[in-house]
Every structure is written in C-alpha cells, then in structure tokens.
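Before I ask anything, let me first share the structure, which is written out below as structure tokens.
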Amino acid sequence: MATNITWHPSLSRTERNSYRKQRGFTIWFTGLSASGKSTIATALEQHLLHLGHAAYRLDGDNVRFGLNKDLGFSEKDRNENIRRIAEVAKLFADSSTIAITSFISPYRSDRATARALHAAPSSNPDDEPLAFIEVFVDIPLEEAEKRDPKGLYKKAREGKIPEFTGISAPYEEPENPEIKIRSHETTVEDAVREIVEFLEGRGLLKA
C-alpha cells in the first residue's frame, strides 16, 4: 500500500461536464471470447465519435500489450486485470469521456467492484455518481466456438490453453445487466442502435 500520499482536488465533475458539453460514464461490455464484444464496442465507439461525443474504447487484448502485460490468466491475475481497467475507465469517465470497455471479465464480483468504484462519491459532494452501464453480449458456447476467429477454443479443447473461460475456467453471467444483446441473433448495427437508444433514454446522451 502506498503511504505518504495526498489527494489533490481538481475541477468538479460538474464543471468538467459543462466545459466539455457531455457527461462521462462507462459502458462495460462482458461476454465469452468470440461473443462479439469488441466488434460491437468498436462500432459503438465509431458511432459516438461520429455524433461528436468524446469516447474511447479499452480492449482486453490491447491493454495486455501495455498496462497489464505483467498479468497472466490465473484467477488472481484476472481479478487484478479488471481492477486496473475499472480504475482507468473511471478516470476516463471522470474526465467527461465515454469509456467503453471490452473484456471477458468473467467474475460477477469483479464486475460488481467496477460498478461500486464508479458509484463511489467524488471529492466534490455536488458531483453526481458516474453511470456504469453493463452490456452482456450473450451467445451460446457452441456458437462462440463455431466463430473462434483466433482459434482459442480449439487450443483450449486440446489442452494447450489452461484456464480458458467457458472451457476450463468459469464465466459467471450477469444477473441484472442494463442491456443484454444476443449477438448471434442480431446485427452489429442493431446492437449499436439499441445501446444508443438506451443511453438517450437515461439522459446520458442527447437524443
């Protein structure tokens, strides 16, 4: 634990939102490998940027090239992977940016921790809590295996990848996600439209 540190207050979240003319929040995609998380998240990021919103996507593989390159795939390392991402997403959201995360994030407890982090009060008592929108990209395991664009399921079935989510490691489905998308039954465009309509309905985006 770090010691001899002091929190330095900055602009209030309300001020920042006013200057940037948008609210920051986090859209947290979760689902099995090959469920379509990254594809939908990328399309959503592009759509929001096209509309003039500041948005940035944090992707599971991409983050492991840098920030989390010291982590493996044990349960402990997966927990730490998601903890760091939640902290980074919160920083983006606090800066009045729309943070879009695309991670398997297989454990309910880790996702609950990420949500609680966003709900925590800021140093300014007048600031609203940061919204956290969980998007469950649902797909049957057999459908994900049929896609298998990286060949990971095949390797996992052959025992070449230990602790692979859905095969040799668990995936705990969200119990009450804000949005549930059955990616094998819808198009990417319709998925993006559903998310945007939800955000507009919540007042997070201007319709």
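Side chains included, hydrogens not; waters and symmetry mates left out as well; all remaining heavy atoms used.
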Legend entry - side-chain contact (heavy atoms from CB on, under 4.5 Å) against Glu87, all qualifying residues, sequence neighbours excluded: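 In terms of side-chain contact (heavy atoms from CB on, under 4.5 Å), with neighbours along the sequence ignored, Glu87 is linked to Arg83, Leu117.
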
Inset, instruction - Apply side chain to side chain donor-acceptor pair (under 3.5 Å) to Arg193 and list each qualifying residue two or more places apart in sequence or on a separate chain. - result: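 For Arg193 the side chain to side chain donor-acceptor pair (under 3.5 Å) partners, ignoring immediate neighbours, are Asp190.
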
Inset, instruction - Applying side-chain contact (heavy atoms from CB on, under 4.5 Å), name anything that partners Phe65, two or more places apart in sequence or on another chain. - result: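 By the side-chain contact (heavy atoms from CB on, under 4.5 Å) rule, Phe65 matches no residue at all.
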
Legend entry - Donor-acceptor contact present, side-chain Asn81 to main-chain Asn68, <3.5 Å: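 Absent.
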
Legend entry - Lys37 vs Leu32 side-chain heavy atoms within contact, under 4.5 Å: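 Counting from C-beta outward, Lys37 and Leu32 never come under 4.5 Å.
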
Legend entry - Apart from Phe103 itself, residues in the same hydrophobic cluster as defined by side-chain heavy atoms under 4.5 Å: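 For the cluster that includes Phe103, the remaining residues are Trp28, Tyr56, Leu58, Val63, Leu67, Ile82, Ile85, Val88, Phe92, Phe132.
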
Inset, instruction - Check the side chains of Thr30 and Tyr171 for a donor-acceptor pair under 3.5 angstrom, ignoring hydrogens and angles. - result: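 Yes - a donor-acceptor pair under 3.5 Å links their side chains.
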
Legend entry - Lys146: salt bridge (charged side-chain N to carboxylate O under 4.0 Å, His left out) partners, not counting sequence neighbours: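 If we apply the salt bridge (charged side-chain N to carboxylate O under 4.0 Å, His left out) test to Lys146, skipping adjacent residues, the hits are Glu143.
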
Inset, instruction - Kindly give the heavy-atom pair with the smallest separation between Pro170 and Pro106, and that separation in Å. - result: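 Closest approach of Pro170 to Pro106: O-CB, 3.4 Å.
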
Legend entry - CG-OG distance between Asn79 and Ser74, expressed to the nearest 0.5 angstrom: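 Reported value, rounded in 0.5 Å steps: 8.0 Å.
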
Legend entry - Rounded distance [0.5 Å steps], CG in Leu48 versus CG in Leu205: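 Nearest 0.5 Å value for the CG-CG distance: 6.0 Å.
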
Inset, instruction - May I ask you to test the Ile179-Phe198 pair for a side-chain heavy-atom distance under 4.5 Å? - result: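 Of all side-chain heavy-atom pairs linking Phe198 with Ile179, at least one is under 4.5 Å.
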
Legend entry - Which atom of Ser102 lies closest to which atom of Ala41, heavy atoms considered: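 Result for this residue pair: CB-CB, 4.1 Å.
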
Inset, instruction - List the atom of Leu204, the atom of Ala131, and the distance in Å for their closest heavy-atom pair. - result: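 The answer is CD2-CB, 3.9 Å.
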
Inset, instruction - To the nearest 0.5 Å, tell me how far Thr187 OG1 sits from Glu194 CD. - result: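 Rounded to the nearest 0.5 Å, the OG1-CD separation comes to 10.5 Å.
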
Inset, instruction - Say whether, by atom type as modelled, one donor and one acceptor occur between the side chain of Glu172 and the main chain of Tyr107 under 3.5 angstrom. - result: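 Judged by distance alone, no pair lies under 3.5 Å.
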
Legend entry - Listed partners of Arg20 passing salt bridge (charged side-chain N to carboxylate O under 4.0 Å, His left out), at least two apart: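 Arg20 satisfies salt bridge (charged side-chain N to carboxylate O under 4.0 Å, His left out) with no residue once adjacent residues are dropped.
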
Legend entry - Heavy-atom closest pair, residues Thr26 and Ala93: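 Of all heavy-atom pairs spanning Thr26 and Ala93, the closest is OG1-CB, 3.9 Å.
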
Legend entry - Donor-acceptor pair between Ser18 and Glu15 side chains, under 3.5 angstrom: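 Short answer, no.
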
Legend entry - Electrostatic pair Asp94:Arg13 at N-O distance under 4.0 angstrom: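 Answer for the salt bridge query: yes.
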
Please tabulate, for the side chains in residues 159-166, all donor-acceptor contacts under 3.5 angstrom to protein atoms that are two or more places apart in sequence or on a different chain.
from   : atom 1 : to     : atom 2 : distance (Å)
Lys160 : NZ     : Glu158 : OE1    : 3.1
Thr165 : OG1    : Arg78  : NH1    : 2.9

Inset, instruction - May I have the step-by-step check of side-chain hydrogen bond (donor to acceptor under 3.5 Å, both in side chains) for Ser105 and Asp110, ending in yes or no? - result: CA-CA 7 Å; Ser105 47; Asp110 289 342; over 6 Å; no

Inset, instruction - Check the hydrophobic clustering (I, L, V, M, F, W, Y; side-chain heavy atoms under 4.5 Å; chains of links allowed) and say if Val192 and Ile195 are grouped together. - result: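 Same hydrophobic cluster.
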
Legend entry - Gap between atom CG of Leu199 and atom NE2 of His53 - 0.5 Å precision: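 These two atoms lie 9.0 Å from each other.
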
Inset, instruction - Could you verify whether a donor N or O on one side chain and an acceptor N or O on the other, from Ser95 and Thr97, lie under 3.5 Å apart? - result: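 Yes.
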
Legend entry - Residues which pass side-chain contact (heavy atoms from CB on, under 4.5 Å) with Arg147, listed by chain and number, not counting sequence neighbours: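 So Arg147 forms a side-chain contact (heavy atoms from CB on, under 4.5 Å) with Ala34, Ile139, Pro149, Ser183, His184.
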
Inset, instruction - Rounded to the nearest 0.5 Å, what's the gap from OG on Ser35 to CD1 on Ile40? Could you check? - result: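 These two atoms lie 7.0 Å from each other.
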
Inset, instruction - For Ile27 and Thr101, run side-chain contact (heavy atoms from CB on, under 4.5 Å): C-alpha distance rounded to whole Å, both residues' side-chain angles, the deciding distance at 0.1 Å, then the answer. - result: CA-CA 6 Å; Ile27 305 170; Thr101 75; over 6 Å; no

Legend entry - Within-4.5 Å side-chain heavy-atom neighbours: Phe136 and Ile181: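 In short, these two side chains do not touch, never coming nearer than 4.5 Å.
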
Inset, instruction - With rounding to the nearest 0.5 Å, note down the distance linking OG1 in Thr42 to CZ in Phe29. - result: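 One gets 9.0 Å once the value is rounded to the nearest 0.5 Å.
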
Legend entry - Residue pairs passing the salt bridge (Lys or Arg N to Asp or Glu O under 4.0 Å) test where at least one lies in residues 24-35, sequence neighbours excluded: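 Output for this query is empty, none listed.
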
Inset, instruction - Taking only Lys NZ, Arg NE, NH1 and NH2, and the carboxylate oxygens of Asp or Glu, determine whether Arg157 and Glu145 approach each other closer than 4.0 Å. - result: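 Between Glu145 and Arg157 there is a salt bridge, with a charged N closer than 4.0 Å to a carboxylate O.
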
Inset, instruction - Supply the members, apart from Leu51, of the Ile/Leu/Val/Met/Phe/Trp/Tyr cluster built from side-chain contacts under 4.5 Å; use none for a lone residue. - result: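 Answer for Leu51: none, a lone residue.
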
Legend entry - Heavy-atom donor-acceptor pair, Thr113 side chain to Ser109 backbone, under 3.5 Å: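 Between the backbone of Ser109 and the side chain of Thr113 there is a qualifying donor-acceptor contact (under 3.5 Å).
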
Legend entry - Donor-acceptor pair, side chain of Gln22 and main chain of Ala54, under 3.5 angstrom: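 At least one qualifying donor-acceptor pair exists.
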
Inset, instruction - Using the salt bridge (Lys or Arg N to Asp or Glu O under 4.0 Å) rule, collect all pairs that involve residues 127-140, keeping only residues at least two apart or in two chains. - result: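 As it turns out, the salt bridge (Lys or Arg N to Asp or Glu O under 4.0 Å) pairs with a partner in residues 127-140, which skip direct neighbours, are Arg23-Glu128, Arg111-Glu134, Arg115-Glu134, Asp138-Lys180, Asp138-Arg182.
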
Legend entry - More than 12 heavy atoms of other groups within 6.0 Å of Asp70 CG: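 For Asp70, atom CG is crowded (more than 12 foreign heavy atoms under 6.0 Å).
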
Inset, instruction - Could you tell me which residues satisfy side-chain contact (heavy atoms from CB on, under 4.5 Å) with Lys150, sequence neighbours excluded, listed by chain and number? - result: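 Once residues adjacent in sequence are excluded, the partners of Lys150 under the side-chain contact (heavy atoms from CB on, under 4.5 Å) criterion are Asp61, Leu152.
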
Legend entry - Minimum heavy-atom distance Ala55-Ile100, with the two atoms named: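 Nearest heavy atoms, Ala55 then Ile100: CB-CD1, 4.4 Å.
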
Inset, instruction - Determine yes or no for a side-chain-to-main-chain donor-acceptor pair under 3.5 angstrom, with Glu178 supplying the side chain and Ile133 the backbone. - result: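 Absent.
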
Inset, instruction - Inspect the surroundings of CD in Gln46 and state if more than 12 heavy atoms from other residues, nucleotides or ligands are less than 6.0 Å away. - result: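 No.
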
